[in-house]
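Values in this document were obtained by computation on a predicted structure and should not be read as measured data.
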Amino acid sequence: MMYKAAKGVMPPISATEQIALGSGTIGFDRDIFTGSPSLKHLVDTYDPKLTVEEENFLNHEVNHLCALLNDYDVSTRKDFSKEAWDYMRDEGFFAMKIPKEWGGKGFSTHAVSAVLSKLATQCFDANATVAVPNSLGPGELLVRYGTQSQKEYFLPRLADGTLIPCFGLTGPHSGSDATSLIGSEGIVEQRNGELGIRATFKKRYITLAPVAGVVGLGLNLRDPNNLLKKANQGQEGFTVALLERDHPGLRMGDRHIPLNAAFMNGTVEGEDVWIPMDSILGGQERCGFGWNMFVECLAEGRGVSLPAGSIGAARTVTAAVGAYARVRKQFRVPIAEFGGIQEALADAASDGLICIAGGDLMNAIVDNHEAPMVISSIMKQNCTERGRRIVEKGMDIAAGSAICRGDKNYLGNAYMSLPIAITVEGANIMTRSFQVIGQGLTRCHPHMLELIYSLQGDSSPENVAKFGTQLRKVIGHGLTNFGHSLTRGAGSMVSKSFRSSTAYKNGDQLLAHHEKQLLRLSANFALTADLCFTLGGKLKFEELLMGRLSDALGGIFLGYATLHHYTRHKNNIENLEALTEHAMLRLEHEAQQALIDASNNFPGVLGTPASLVMKLGCLQLGGVQLGEYPKPNDALTKEVARLVTTPSEVRDMFQENVYMTNNNEEHQVSDLIRALPVCVRADQAASLIRREKRDATEEEAAWIAHADAIRDALIQVDAFEHATMQEAQPGYVRPALEGTAERMASLERKSFAFGAAEHVDGKNVERA
């Protein structure tokens, strides 16, 4: 009876969903769904490191590329110079993930992330340009799935930069649902005794398409005459073709301009294009296998490349805007002393730490030969959103200097680029509301997948028995996490009651306390995930619930990532405890609030009893959350702000991997960072002089004057004689000024400033 009822509410799994469920890997995400993840396991398993070769590349080739790029010029010209393009090609920037045996760099994922992050501190367009060939290139797809002849032809050309790659997936009717491939159809046909595909496609938003030499093209393949089946090779479905730019019928070149970005992005189109089977990635046998390829390689693009941009933004904002807050004075006081500025800086810094910590852990997971689809979705959605918030805080603090474009503006282009990162590879709204929990609950729950499979087959005794076994395991899992929620919640209340506001200064106590809180939240989350079984197949339509659970899961994962980061760096970054505490308090508050909102709005016929169970387990009694996690207090906020606006090892951590010029080159970010210690020393001298009520010594006066000169230079913004090419044309008069001149021409009195004139007998006579 129960099997029949469950089968009635569980919809059949589509072929695409079947492939998705079998693609990628599960790991620490599954540990969170058990309700008892282990920080020790993370620390023992994942240790992101760069090789000497990778560090040298960052310090030399990446720095040189950054020196070739003027961010304002790039955004104005909407392109790089040929010198920059040639340098990226010659030095292997497009081949970092291609193995050395094919002429590539063979770099680790952690190295690729570091390169992309550093490029983002100088030019977001360079970050986007280098990211694509090193994720869904399709270089990595060729390495994994290409035929030998495809590898021998394409990989050396991709490695030496002869061919710039792009990947054509998204179409007008398939955005975040990219695998639907509506409007990108391929029909298997036979011509002159050879099998091939007649394809019609219309792709958009394809990064690098306007300059690409080869495109990996996603098609929905149909075989109406069963030609593949007869050949016993390949099948219908998502298929990837490799087409060079001069392929007959292929059109590439038209550009989109995403906001103010300059990176190449455009269309890939064709009608009735003939594609030989040799041009199918992996050959004919890989027809219909594209979804598997796509999913397993997507983890790097979503979980590494896009977060790297946010990491770069976090480093730039914390290092440069933190310095600006000390350089800039209002009411004769550095704005770093203002409470509102301190709050914004502290939030930006802790969000920055969260992105850096999450990036380090994600890189190490991928370098451990894992392809975690759920974690990559968490990283993409969380880090790009936090990156946007970080840059917004920076814009608010830098104010006028951040909105005036020009060489001195190091925030404006990042501000306009982060919404693009939020949109691509699955819009964040869709990622949060569908993908994270939709994939997570089926893939990562310890018993869910087997239970689903038992309901997909016939009603055989074997399937009924399997269902009963899995159902008992789910119930047992729920009861276990209900008990853990109660006991860990009670323990959390006790420990929080006796914990002082400065207890975080002891690193061991900080780790122990926050790991306990994450274990409690993990049990709360796992209990809630079990209660989702009451919704059956309707869960996929409850996006509000899934969005809240995504927030909770993201907060828990990033909390563990932050503790993983602290464990690795606690002995070499002084005062990291304050920043870690600030980040952890915010993450715990976010996760708990998401669970509270979920319990208050649990949907479904059984929503009321499910909500009651959840509230009891999470200790939400009478509308009051027992053991509530507060946001950081003002004292901690001020301490974090102090650390990022004065010389400290915490500031040094953010400044690491920020592009810096030589001392004699003007560069706003570099100049601000170098100005900070000068201005701090000058302010300390001025404060001492005031306290002691005396005149400045000759040395003090010279230092204060030097700081004042630096301050005056660094608060300037760019002004242009000509804002456009049209304005620069000889004889050009701005239309508004032309109109003013026309109106003034009809007036007798031409000026107020030079006195009034009277018109007497045809002559202008000045009044006395």
Side-chain angles (χ1 to χ4, degrees), residues 28 31-32 37-40 42-43 314 318 343 345-362 378-379 382-383 385-386 389-390 488-489 491-525 551-570 573-596 625 627-641 643-644 650 653-654:
F28 190 70
D31 294 345
I32 296 175
S38 167
L39 176 61
K40 184 178 184 302
L42 283 184
V43 174
T318 309
E343 183 178 33
L345 277 172
D347 284 351
S350 59
D351 269 334
L353 172 65
I354 291 166
C355 289
I356 291 170
D360 283 354
L361 180 54
M362 179 67 191
I378 290 171
M379 284 293 297
N382 261 275
C383 289
E385 178 56 40
R386 290 180 194 277
R389 296 198 314 230
I390 290 166
R488 293 172 185 173
S492 172
M493 289 175 56
V494 173
S495 64
K496 286 172 79 287
S497 299
F498 293 98
R499 187 175 189 252
S500 73
S501 60
T502 58
Y504 68 85
K505 294 182 179 181
N506 182 308
D508 291 337
Q509 291 183 16
L510 179 146
L511 277 172
H513 172 77
H514 287 296
E515 186 176 10
K516 287 180 180 177
Q517 310 318 310
L518 291 179
L519 281 169
R520 175 199 180 184
L521 288 167
S522 297
N524 294 166
F525 173 81
D551 292 341
L553 180 59
I556 294 167
F557 171 76
L558 290 170
Y560 274 103
T562 302
L563 294 185
H564 175 262
H565 178 275
Y566 176 76
T567 302
R568 292 170 44 244
H569 295 287
K570 62 182 179 180
I573 301 177
E574 186 179 4
N575 292 321
L576 183 58
E577 290 78 16
L579 181 60
T580 302
E581 173 82 355
H582 196 278
M584 291 303 303
L585 290 176
R586 292 180 65 209
L587 288 168
E588 288 159 4
H589 177 82
E590 290 172 14
Q592 187 178 62
Q593 189 59 52
L595 291 170
I596 291 172
Q625 174 65 62
E628 182 179 7
Y629 295 121
K631 293 182 179 180
N633 62 34
D634 290 351
L636 181 60
T637 294
K638 291 179 180 179
E639 174 62 9
V640 171
L643 289 171
V644 297
V650 169
M653 178 194 75
F654 283 107

Just jot down the side-chain hydrogen bond (donor to acceptor under 3.5 Å, both in side chains) partners of Asp551, sequence neighbours excluded, or say none. Arg432
For Ser500, check side-chain contact (heavy atoms from CB on, under 4.5 Å) against everything at least two apart and list the hits. Thr502, Ala503
Minimum-distance pair of heavy atoms, taken over all atoms of Gln517 and Ser495: NE2-OG, 3.8 Å
Nearest heavy-atom contact between Glu639 and Ala578 is CG-CB, 3.9 Å
Please lay out, stage by stage, how Leu563 and Leu511 fare under the test side chain to side chain contact (heavy atoms under 4.5 Å, CB included). CA-CA 7 Å; Leu563 294 185; Leu511 277 172; 4.0 Å; yes
Just verifying a value: how many Å separate His564 NE2 and Lys40 NZ, rounded to the nearest 0.5 Å? 12.5 Å
Is there side-chain contact between Tyr560 and Asp31, with at least one heavy-atom pair below 4.5 Å? no
Please find the pair of heavy atoms, one from Ile556 and one from Leu521, that lie closest to each other, and give the distance. CD1-O, 3.6 Å
Glu628 meets the side-chain contact (heavy atoms from CB on, under 4.5 Å) criterion, sequence neighbours left out, with Gln592, Gln625
So how far is it from Tyr566 OH to Ile573 CD1, rounded to the nearest 0.5 Å? 10.0 Å
Short side-chain to backbone donor-acceptor contact, Arg520 and Ser492, under 3.5 Å: no
Of all residues at least two apart in sequence or in a different chain, which pass the side-chain contact (heavy atoms from CB on, under 4.5 Å) check with Asn633? Ser501, Ala635, Leu636
To the nearest 0.5 Å, what is the distance between CZ on Phe498 and CE on Met493? 11.0 Å
Rounded to the nearest 0.5 Å, how far apart are CG of Leu518 and NE2 of His514? 8.5 Å
Close side-chain approach of Thr580 to Thr562, heavy-atom, < 4.5 Å: yes
Sequence neighbours excluded and cut-off under 3.5 Å, please list the side-chain donor-acceptor pairs for residues 346-357, or say none.
from	atom 1	to	atom 2	distance (Å)
Ser350	OG	Ala346	O	3.2
Ser350	OG	Asp347	O	3.3
Ser350	OG	His582	ND1	3.1
Ser350	OG	Arg586	NH1	2.6
Asp351	OD1	Arg386	NH1	2.8
Asp351	OD1	Arg389	NH2	3.3
Asp351	OD1	Arg586	NH1	3.4
Asp351	OD2	Arg389	NH2	3.4
Asp351	OD2	Arg586	NH2	3.3

Smallest separation among heavy atoms of Leu558 and Gly358, with atom names: CD2-CA, 4.0 Å
Go through the side-chain N and O atoms of Gln593 and Tyr629 and say whether any donor and acceptor fall under 3.5 Å apart. no
State which residue, out of Ile32, Asn382, Leu587, fulfils the side chain to side chain contact (heavy atoms under 4.5 Å, CB included) condition with Phe557. Ile32
Smallest separation among heavy atoms of Lys570 and Glu577, with atom names: O-OE2, 4.5 Å
Thr637 versus Glu343, closest heavy-atom pair with distance: CG2-CA, 3.7 Å
Kindly compute the distance separating OG1 (Thr567) from CG (Leu39), expressed to the nearest 0.5 Å. 5.0 Å
Look up atom CE in Met653 and atom NE2 in His565, then write down how far apart they are to the nearest 0.5 Å. 5.0 Å
Quick check: does any side chain N or O of Gln509 sit under 3.5 Å from a backbone N or O of Lys505, one acting as donor and the other as acceptor? no
Has Lys496 got more than 12 heavy atoms of other residues, nucleotides or ligands less than 6.0 Å from its NZ? yes
Residues passing the side-chain hydrogen bond (donor to acceptor under 3.5 Å, both in side chains) test with Tyr504, sequence neighbours excluded, are none
